[in-house]
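Written out below as structure tokens is the structure these notes cover.
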2 protein chains.
Amino acid sequence: MIKKNKATIYDVAEKAGVSRQTVSRVLNNRLEVSEETRQRVKEIMAELNFQPNAVAQSLSRQKSFLFGVVTSGLKYLGPSRVLSGITNKAEELGYGLLLKEVQNSNSANIIPVLDWFKAHQVDGIIWAAPEVEDNRQWIKDVLPMIDIPIIFLTMEEEENVTIVTTDNFTGARVAVNHLIQKGRKNIAHISGPLDWWEARQRKMGWESALTEAGIHVDDRMWTQGNWSSKSGKTAFLELIEKYPEVDGIFAGNDQMALSILQTAPEIGKRIPQDLSIVGFDGIAESEFYIPSLSTVYQNQDELGRIAVTELVSQTEMKLKENKAVEPKYITIQPELIIRQSS
Amino acid sequence: MIKKNKATIYDVAEKAGVSRQTVSRVLNNRLEVSEETRQRVKEIMAELNFQPNAVAQSLSRQKSFLFGVVTSGLKYLGPSRVLSGITNKAEELGYGLLLKEVQNSNSANIIPVLDWFKAHQVDGIIWAAPEVEDNRQWIKDVLPMIDIPIIFLTMEEEENVTIVTTDNFTGARVAVNHLIQKGRKNIAHISGPLDWWEARQRKMGWESALTEAGIHVDDRMWTQGNWSSKSGKTAFLELIEKYPEVDGIFAGNDQMALSILQTAPEIGKRIPQDLSIVGFDGIAESEFYIPSLSTVYQNQDELGRIAVTELVSQTEMKLKENKAVEPKYITIQPELIIRQSS
DNA sequence: GTGAAAGCGCTAACAC
DNA sequence: GTGTTAGCGCTTTCAC
């Protein structure tokens, strides 16, 4: 229960006629307390509405049961789904979360975030901000200097670093192969911003699938958006201009695919007859687009949950055996959902 | 900079040949330190990569510069936009965030969350989980017992409680009046789940506007969804069944509106000729639906930002003058965006 | 201007 | 089983 005037372990000890240590033992469910004493202390605790002070515990234990989470672009669907998975799994496993959102992750604004987490004694860090630009560099620079376990999400494999990510490359290949199977001959791509690793992976998957099918890839066949529907529209119009024979598009995400569905009929292209579309992400709404959108579903909730599970095992490993866990590269396979747009 | 072996205030003091107090003074930018000493201490700090331990500071100061944030349904767009506003403004004002996501907020799982926040010495709490069911009751029960400032989001006005919310009622009225002006005679509503306060407000706004226009409202004229597109489709089909003469729909949110846009043509209703649609929320994608969706835009980012601003002012008020701020009911007006669907 | 002492609330290590 | 003694790292009196 919540109370204004906070009782401390000291008050409980005094009222129960035991030492503070004994109270602490009861608090931590240690065995070496007689059942009788334990009961009495517990009663007094209830009576005084005693609540242990977590800050004092953290300081004393040198362990906070808190993880730091770095996110970015929370106003978009993807990052928040990941965060949702993180919050749920962390709750399950008894950890709290300290949250920071960063705008863009260049080394300059990363250091303060890590320092802040460290000052707050977090037991581990989940880096859930996407890899953009020079991410790689700071990892190499900074990581060796920090002694807190970190898990990275959505990032290229890297030595000595644990990473959890969707397999964007394979996901893209599956999408494009599907279009090929549907008999499409001129399959274009509208990529996300290419300073994002995910965007690059999906583009590479598209290229890979085409090349494998003996189709030559050149720069007429793709344009770049910034994930938003608005940018998708612009990118689509640009694409049509320079690659008019296009009859299939693999879009970097569902939002950009959406604007293709809207714009194509306006310029006389029927979907899927004249133009087949496949998106990426598998957001819930994509089923209700017109026509319903084929897409590559990635389970971002699961991504977050795995990250937490992994982090917990790393922190406990570190605590118990005082040895680091060997880093892992964990990959989740996305899943093609075929609907009317292809 | 991040370093493994953490230097303490004690190490700095020793190396600088001063007392720990003096180091603490430099740390807190107190004036009563000679410029010379200050410089020397600062140099040593840099040299040792000294980073103050925030946990120790919190314990000692009895102030953490941390806010607790309770959210719900993070995997949906609305809550994460609000959270985004919160993170950004908190960062700006120098506060960190402790995040908890709750599934549903009945008294049973609320108390532990509040207790947890309190144990962690948060300076204030933002309750960003929507009002569902018996929310009201626990507020009355629990609030008087807690001495930490709390701001609630999206909730009915309540004595002695500070609340920040979109004016859902007025927003709904504006939407429905727009449909009336467009000459629609049979304006229906697909509501969100009515245990949500927001859903009730929007439904009441719809009723109010119709009643004011002299149109009788009865139960044939509305059905209920659960915010998802899928539920919107079901609710729409049900509505068409019992209210076939419908020629305008105000949907409880954009996702549910989306599935109407998809389903209506399938049953021979053209939009907007036979059926005008207005949604609620104004999500970015709604502009790219087919046809583009008229909607009531609410600025959820701003909602979060205001909540933080308000909370900071309350905590500082409490600290300095030791008197509570008078509670406010802050309302943000949403904005009608007219597009092709109406 | 600077330092010594006490304390924030709790836990770990060692006694008995 | 239980208590004593030291801290965890920092800030806040109150001296000087």
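Model, not experiment: these values are computed from the prediction. Here is the naming used below: chain letters follow the sequence lines, and residue numbers restart at 1 for every chain.
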Geometric class of the A:Tyr95/A:Phe65 ring pair [parallel <30°, tilted 30-60°, perpendicular >60°]: tilted
Parallel, tilted or perpendicular, as decided by the 30° and 60° cut-offs, for the rings of B:Phe152 and B:Trp127: tilted
Spacing of [X] atom [atom1] relative to [N] atom [atom2], expressed in whole Å:
X: A:Lys63; N: C:dG9; atom1: NZ; atom2: C1'; result: 20 Å
X: B:Tyr10; N: D:dT11; atom1: OH; atom2: C1'; result: 17 Å
X: A:His120; N: D:dC10; atom1: NE2; atom2: P; result: 13 Å
X: A:Phe65; N: C:dT11; atom1: CZ; atom2: C1'; result: 13 Å
X: B:Asn28; N: D:dG9; atom1: CG; atom2: P; result: 17 Å
X: A:Arg20; N: C:dA12; atom1: CZ; atom2: P; result: 14 Å
X: B:Leu27; N: D:dC10; atom1: CG; atom2: P; result: 7 Å
X: A:Glu14; N: D:dG3; atom1: CD; atom2: C1'; result: 16 Å

May I ask you to verify if any side-chain N or O of [X] is less than 4.0 angstrom from the OP1 or OP2 atom of [N]?
X: A:Ser19; N: D:dG3; answer: yes
X: A:Ser24; N: C:dT11; answer: yes
X: A:Arg30; N: C:dA12; answer: yes
X: B:Asn53; N: D:dC8; answer: no
X: A:Gln62; N: D:dG9; answer: yes

Residue that, paired with A:Val164, satisfies side chain to side chain contact (heavy atoms under 4.5 Å, CB included) out of A:Val82, A:Thr331, A:Thr154, A:Ile151: A:Ile151
Close side-chain approach of A:Leu93 to A:Glu316, heavy-atom, < 4.5 Å: no
Donor on one side chain, acceptor on other, [X] and [Y], under 3.5 Å:
X: B:Glu35; Y: B:Gln39; answer: yes
X: B:Gln314; Y: B:Thr162; answer: yes
X: A:Thr22; Y: A:Ser19; answer: yes

Presence of salt bridge, B:Glu43 and B:Arg40, under 4.0 angstrom: no
Looking across every strand, which nucleic acid part, if any, lies under 4.0 Å from [X] by heavy atom: base, sugar-phosphate, or nothing?
X: B:Thr37; value: sugar-phosphate
X: B:Val18; value: sugar-phosphate
X: B:Arg38; value: nothing

Look for any protein N or O under 3.5 Å of an N or O in nucleotides 13-16 of chain D and output each such pair with its distance, or none.
none

Candidates D:dT2, C:dC10, D:dC10 - which lies nearest the side chain of A:Thr8: C:dC10
Candidate nucleotides C:dC10, C:dC8, C:dG3, ranked by approach to the side chain of B:Leu59 - the nearest: C:dC8
Under-3.5 Å donor-acceptor pair between A:Ser60 side chain and D:dG7 base: yes
B:Gln121 vs B:Glu35, nearer the 5' end of DNA chain C by closest nucleotide: B:Glu35
